[in-house]
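Okay, structure first, notes after.
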Protein chains: 2
Amino acid sequence: MPSSNDTPKEEPPGISSRDQAPSGAAPSAQAAGRGSTDPARPGDDTRLALITAAIGLFGKKGFDATSTREIASAANANLASIAYHFGGKDGLRLACADSVAGRIQAVVGPVLRDFDPGDDPALAQSGMESVVMSMADFLLGRAEARDIAAFVLSEMTKPGVVLDRIYEDFFKTVHAALCRLLGLATGQDPESDLIRIGTFSIVGQVVYFRIGHAIVARRMGWETVGPVEIDAIKSVLLGNIRAFVTANRKTSK
Amino acid sequence: MPSSNDTPKEEPPGISSRDQAPSGAAPSAQAAGRGSTDPARPGDDTRLALITAAIGLFGKKGFDATSTREIASAANANLASIAYHFGGKDGLRLACADSVAGRIQAVVGPVLRDFDPGDDPALAQSGMESVVMSMADFLLGRAEARDIAAFVLSEMTKPGVVLDRIYEDFFKTVHAALCRLLGLATGQDPESDLIRIGTFSIVGQVVYFRIGHAIVARRMGWETVGPVEIDAIKSVLLGNIRAFVTANRKTSK
DNA sequence: CAGTATAAATCAATCGATTGATTAATACTG
DNA sequence: CAGTATTAATCAATCGATTGATTTATACTG
């Protein structure tokens with residue numbers, strides 16, 4: 001038995017590198033539902049169940065308020081499986097960040113990539129509007145999205161590895177794409193302070209209605225935030241986007 | 001030993017009712033720095049130190065991630081003093097909410113109360129603008145305000161007694177006052193959905209730049225968020241307010 | 001295909017450390 | 001001295017992590 005046992009034991013899978021989308025042109029079916037064909041390793045069930053349960057609990061109660069026993073119980077898994085699959089609670093948090101970033105990227109990525117406004121400002125504006133409206137639907141509407149959003153937002157305030165990853169994988173790309181649209185719609189430089197900050201101010205509104213939805217609902221006299229209430233919010237958001245474009249449209253010169 | 005020991009023990013001071021601003025026309029010096037004159041009970045030093053330390057730690061690390069020992073140590077107080085003064089960790093959280101609500105109310109309350117735009121839309125708009133600009137300065141600028149804001153925002157997501165109190169003491173009043181101004185500026189009904197949601201969308205932008213300041217700074221290439229960067233944000237926010245008023249101004253009719 | 005060896009994954013049980021809370025004794029103050 | 005306030009010490013409970021054993025799935029061999 002050698003004494004220089006530097007590596008912990010036998011390196012459980014996926015504690016140091018990314019877990020999903022392992023290589024460049026990987027089979028995209030891995031992150032999705034249930035790959036019954038090829039790369040369905042037996043432990044992936046537990047992996048996914050743990051991540052799903054953790055995102056929900058982290059979003060609802062916060063990271064520190066959620067115990068590993070709670071997560072394992074919600075995922076119908078054993079307590080030790082967290083350490084086995086993710087190296088520990090922090091590894092699970094990171095895996096949740098990857099999962100969230102990957103899922104959102106899978107939804108919003110193709111839309112932003114395939115949508116080419118050319119040089120048509122009106123088309124760019126309508127693209128911007130539809131993206132923001134989709135964001136609002138996602139953040140305010142679906143119950144599963146609430147957990148994801150709450151998890152991301154809880155990680156947004158505290159700097160760390162999770163924030164780095166979410167930023168690189170999601171925020172940077174999406175924000176830059178939106179700046180392209182808004183810049184084209186207004187005729188401004190997409191990377192100007194006005195457009196970059198303006199884009200933040202627009203998406204910030206959507207985010208706020210998720211964070212403060214309890215306060216908003218109370219002030220509005222809403223018992224729940226259903227489709228009708230979401231439409232009311234979206235109506236104002238849409239007006240704000242158009243007001244921004246109108247107010248900041250560069251005169252032809 | 002009696003068996004029907006319903007009341008916990010001997011009811012330490014201030015676990016059930018409000019502690020600060022006990023009556024209506026209370027001396028406003030109590031919440032402020034150091035009342036060396038009259039109602040300075042000996043234990044108030046520890047009380048205030050605990051609340052201050054707790055707000056800072058709750059804001060920075062979150063409620064659940066902050067231990068009572070950490071708070072007591074930061075406040076140079078004994079661990080048991082938390083239970084003595086506030087009945088427990090949850091009581092301290094509630095006292096923090098009271099303190100925050102009281103302090104903000106003391107700052108923003110008189111401004112909103114004494115400012116009477118009459119029926120001048122232009123005056124109402126400039127009032128709205130200055131209030132939002134002050135909010136931005138407070139939330140983005142001062143370091144002490146960051147803890148307060150972070151504490152409030154961390155409590156905003158999870159319903160509970162703290163949220164109730166903050167809402168009643170702060171959000172409801174301020175939001176209604178802002179709606180008056182925005183309604184007058186646009187000529188719309190201050191309690192219409194448009195104005196109420198629109199007001200949320202405006203203050204939501206300010207809040208977002210506090211929550212997402214790490215992401216914003218990274219995307220903008222800012223190393224720190226100093227006065228220059230705050231001015232850049234405020235410039236866009238000001239433009240958004242004016243764009244909202246312009247876009248939603250009711251034609252005289 | 002049968003039989004064995006290896007690896008991956010799950011399991012119950014337990015570890016030391018830390019949590020919030022509580023106690024009894026002491027110090028301060030008017 | 002009486003009441004308020006602070007202190008050190010201790011409580012049961014729970015935390016994240018780890019262990020060794022066990023089960024399950026895959027690979028190898030003849």
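Chain letters run A, B, ... following the sequence lines, proteins first and then strands; every chain starts at 1. In this text the structure is predicted, and so the values were computed from the model without any measurement. The basis for the numbers below is simple: all heavy atoms, side chains too, and nothing from hydrogens, waters or symmetry mates.
- Proximity of B/D164 to A/R218: side-chain heavy atoms (C-beta onward) are separated by under 4.5 Å at one or more points.
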Base-contact (B) and sugar-phosphate-only (S) positions in nucleotides 12-21 of chain C, heavy-atom cut-off under 4.0 Å, - elsewhere: B-B----BBB
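- Atom P of nucleotide D/dA5 and atom OH of B/Y84 are separated by 4 Å, given to the nearest angstrom.
- In this model, the phosphate group of D/dT6 is approached by a side-chain N or O of B/T46 to a distance below 4.0 Å at OP1 or OP2.
- Here C/dT10 presents its P atom at 9 Å from CG of A/D44, a figure rounded to the nearest Å.
- Geometrically, B/K234 does not engage B/F209 in a cation-pi contact, judged by NZ or CZ lying under 6.0 Å from the ring centre and within 45° of the ring axis.
- Considering every non-hydrogen atom in both B/V203 and A/Y208, the closest pair reads CG2-OH, 4.2 Å.
- With sequence neighbours excluded, the residues satisfying side chain to side chain donor-acceptor pair (under 3.5 Å) with A/R219 are B/H175, B/E191.
- Between B/H85 and D/dT6 there is a side-chain polar atom (N or O) within less than 4.0 angstrom of OP1 or OP2.
- Of all the heavy atoms in B/A150 and B/G59, the pair that sits closest is CB-O, 3.3 Å.
- Two end axes, each from the C1' atoms of five base pairs, can be drawn for the helix from C/dC1-D/dG30 to C/dG30-D/dC1; they diverge by 20°, to 10 degrees.
- With sequence neighbours left out, B/A80 forms a side chain to side chain contact (heavy atoms under 4.5 Å, CB included) with B/N78.
- Sorted by first and then second residue, the pairs that involve residues 49-61 of chain B and meet salt bridge (Lys or Arg N to Asp or Glu O under 4.0 Å), not counting sequence neighbours, are B/K60-B/D147, B/K61-B/E70.
- Put simply, CG on A/L50 is 13 Å from P on C/dA9, counting in whole angstrom units.
- For B/F171, there are no ring pair (Phe, Tyr, Trp, His ring centres under 6.0 Å) partners two or more places apart in sequence or in a different chain.
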